[in-house]
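For reference, the structure is listed below as structure tokens.
As the structure is a computational prediction, the values presented were derived from the model and not from experiment. The figures here come from the full heavy-atom set of this structure, side chains too, leaving out hydrogens, waters and symmetry mates.
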Amino acid sequence: MADAKRPARNKLPANSVREFRSLLDEALSARDSEGRKWADARWGCYAFFDYDGEPIYVGQTNERLRTRVRRHLTNQRTDAVAMRILDVFEVAEIEFWPLWEFEDVTKKRDPSGFKLAQERLDAVEYTAYLNAIEVSRFRAILNEKIPPVSSTVRLPASRRFQLISREARDERGHPDVRIARRAETIARLAAVAHERGEVSPGLRRVLVIQAVRLAYISAARLAHVEGRPEPVPSAIDVTGLVGSVLAERTDPYGRTDEDDMEDEEGED
């Protein structure tokens with residue numbers, strides 16, 4: 001009897017995962033008015049949003065937007081903690097801010113230009129982060145490390161993309177599904193804190209913020225089934241729980257993420 005034919009690897013994931021990755025591929029292949037793919041920019045910032053349009057994460061990269069974003073959204077991060085901080089199934093939209101003017105700047109070839117580019121990147125990320133905090137219902141998002149404090153700047157042109165279909169939004173966006181996923185995320189994150197013992201204050205801050213988000217959506221669900229108005233998000237004082245989210249207390253001007261550092265060994 002002949003062996004069954006092995007399926008292609010890209011046919012193995014569940015339909016919902018394949019659909020998400022297909023929409024992600026579309027976003028990464030989209031072009032701007034000059035014919036450039038938004039995600040091809042080497043330097044740039046990005047943000048993730050949940051089913052409510054709530055900003056949940058802001059990041060930066062100088063290794064190419066598509067590379068960085070794929071590592072986040074296909075669970076290819078090398079840092080197990082980073083994989084547990086953000087639930088990919090909560091990400092419904094993504095926004096890109098490419099910095100095309102630094103496309104050819106590298107640390108090895110142009111150290112002074114690289115420094116200026118990094119300063120600009122930090123400023124764009126911090127501005128995008130502050131904007132996210134401003135529009136967040138909870139005045140907080142899920143960054144383990146707050147971006148370096150920088151002067152705010154005018155953000156470059158950006159584009160926002162949908163990463164889930166209407167059908168997936170209807171199914172996975174149901175409050176009970178989201179409550180279960182969020183509780184699971186908190187449990188995984190708490191397990192990391194327990195197993196490692198010594199974890200960053202930022203990770204513990206994210207744990208609190210995720211708990212706040214869980215508490216709110218659970219309370220909103222309760223209000224709905226009881227026929228009451230939704231609770232007011234400001235009923236939860238996030239700053240009172242975690243302190244300021246505008247700067248790291250111990251390292252306000254530091255690097256955002258070691259994963260964002262340019263790998264000089266890989267340069268020509």
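At least one side-chain heavy atom of Val199 sits under 4.5 Å from a side-chain heavy atom of Arg196. Put simply, the side chain of Asp87 does not reach to within 4.5 Å of the side chain of Arg182, judged on heavy atoms. Gln118 is not listed as a side-chain neighbour of Lys107, based on a closest heavy-atom distance of 4.5 Å or more. For the pair Phe48/Val88, no side-chain contact is recorded, criterion being any heavy-atom separation below 4.5 Å from C-beta on. Put simply, the side chain of Gln210 does not reach to within 4.5 Å of the side chain of Leu207, judged on heavy atoms. Counting heavy atoms from C-beta outward, Glu19 and Ser165 have side chains that approach closer than 4.5 Å. A 4.5 Å side-chain heavy-atom check between Glu119 and Leu116 finds at least one atom pair inside the cut-off.
With Asp32 contributing its side chain and Glu34 its backbone, the two residues share a donor-acceptor pair below 3.5 Å. A donor-acceptor contact shorter than 3.5 Å links the side chain of Ser136 to the backbone of Ala140. A donor-acceptor distance shorter than 3.5 angstrom exists from the side chain of Glu248 to the backbone of Ile146, with no hydrogens or angles considered. Of the possible donor and acceptor atoms, one in the side chain of Ser29 sits under 3.5 Å from a partner among the backbone N and O of Asp25. Trp43 places a side-chain N or O within donor-acceptor distance of the main-chain N or O of Phe102, the cut-off being under 3.5 Å. The closest donor-acceptor contact from the side chain of Arg64 to the backbone of Asp40 lies under 3.5 Å. Of the possible polar contacts, none joining the Arg139 side chain to the Val238 backbone as a donor-acceptor pair under 3.5 Å is found. The closest donor-acceptor contact from the side chain of Arg42 to the backbone of Glu103 lies at 3.5 Å or more, if one exists at all. With hydrogens and angles ignored, the 3.5 Å screen pairs no side-chain donor or acceptor of Asn62 with any backbone N or O of Gly44.
In this structure, the ring of Trp38 has its center no less than 6.0 angstrom from the ring center of Tyr46.
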Next item on the list: Go through the steps to decide whether Trp100 and Arg36 satisfy the test side chain to side chain contact (heavy atoms under 4.5 Å, CB included), and finish with yes or no.
Entry: CA-CA 10 Å; Trp100 296 109; Arg36 301 169 300 195; 3.4 Å; yes

Check: Would Thr61 and Thr67 satisfy side chain to side chain contact (heavy atoms under 4.5 Å, CB included), going step by step from the backbone distance to the final call?
Finding: CA-CA 9 Å; Thr61 186; Thr67 301; over 6 Å; no

Notebook entry, point to check: Would Arg181 and Glu90 satisfy salt bridge (charged side-chain N to carboxylate O under 4.0 Å, His left out), going step by step from the backbone distance to the final call?
Noted result: CA-CA 8 Å; Arg181 294 285 311 195; Glu90 279 198 281; over 6 Å; no

Checklist line | Stepwise salt bridge (charged side-chain N to carboxylate O under 4.0 Å, His left out) check, Asp50 with Arg178 | finding: CA-CA 10 Å; Asp50 70 9; Arg178 297 175 69 194; 3.6 Å; yes

Item checked: Stepwise side chain to side chain contact (heavy atoms under 4.5 Å, CB included) check, His72 with Val69 -> CA-CA 5 Å; His72 271 296; Val69 166; 5.6 Å; no

Next item on the list: Using the salt bridge (charged side-chain N to carboxylate O under 4.0 Å, His left out) rule, take Asp110 and Lys115 through it: C-alpha gap first, then chi angles, then the decisive distance, then the call.
Entry: CA-CA 9 Å; Asp110 185 2; Lys115 181 180 179 181; over 6 Å; no

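The two residues Ser16 and Arg172 come nearest to each other via the heavy atoms CB-NH1, 3.7 Å. Contact between Pro111 and Lys108 at its shortest, heavy atoms only, is CD-O, 4.2 Å. Considering every non-hydrogen atom in both Leu99 and Arg120, the closest pair reads CD1-CG, 4.2 Å. Closest of all the heavy-atom pairs between Leu203 and Ala193 is CD2-CB, 4.2 Å.
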Identify all side-chain donor-acceptor contacts of residues 128-135 below 3.5 Å with residues at least two apart in sequence or on another chain.
unit_1	atom_1	unit_2	atom_2	d
Tyr129	OH	Val245	O	2.6

Please list every donor-acceptor pair under 3.5 Å in which a side-chain atom of residues 147-164 meets a protein atom from a residue at least two apart or in another chain.
unit_1	atom_1	unit_2	atom_2	d
Ser150	OG	Pro148	O	3.1
Ser158	OG	Glu95	OE2	2.6
Arg160	NE	Glu93	OE1	2.8
Arg160	NH2	Glu93	OE1	3.3
Gln162	OE1	Arg169	NH2	2.9

Donor-acceptor contacts, no H, no angles, side chain residues 215-222, under 3.5 Å, sequence neighbours left out:
unit_1	atom_1	unit_2	atom_2	d
Tyr216	OH	Glu230	OE1	3.2
Tyr216	OH	Pro231	O	3.1
Ser218	OG	Leu214	O	2.8
Arg221	NE	Asp176	OD1	3.2
Arg221	NH2	Asp176	OD2	3.2

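For the atom pair CZ (Arg137) and CD1 (Ile236), the distance works out to 10.0 Å, reported to the nearest 0.5 Å. Taking OG1 of Thr185 as the start and CZ of Phe89 as the end, the distance is 11.0 Å to the nearest 0.5 Å. To the nearest 0.5 angstrom, Ile56 atom CD1 is 6.0 Å from Leu142 atom CG. Annotation: the span from Arg205 atom CZ to Glu144 atom CD amounts to 8.5 Å, rounded to 0.5 Å. Expressed to the nearest 0.5 Å, how far CZ of Arg70 lies from CZ of Arg21 amounts to 9.0 Å. Once rounded to the nearest 0.5 Å, the distance linking CD1 of Ile209 with CZ of Arg204 reads 14.5 Å.
A salt bridge does not link Asp104 to Arg109: none of the charged side-chain nitrogens sits closer than 4.0 Å to a carboxylate oxygen. Using a 4.0 Å cut-off between a side-chain N of Lys or Arg and a carboxylate O of Asp or Glu, Arg71 and Glu63 qualify as a salt bridge.
When hydrophobic clusters are built by joining Ile, Leu, Val, Met, Phe, Trp and Tyr residues whose side-chain heavy atoms come closer than 4.5 Å, directly or via intermediates, Leu23 is not grouped with Leu65. One hydrophobic cluster, built from ILVMFWY side chains closer than 4.5 Å, cannot hold both Phe49 and Leu73; they sit in different ones.
The 12-atom threshold is not exceeded at NE2 of His224, counting heavy atoms of other residues, nucleotides or ligands nearer than 6.0 Å.
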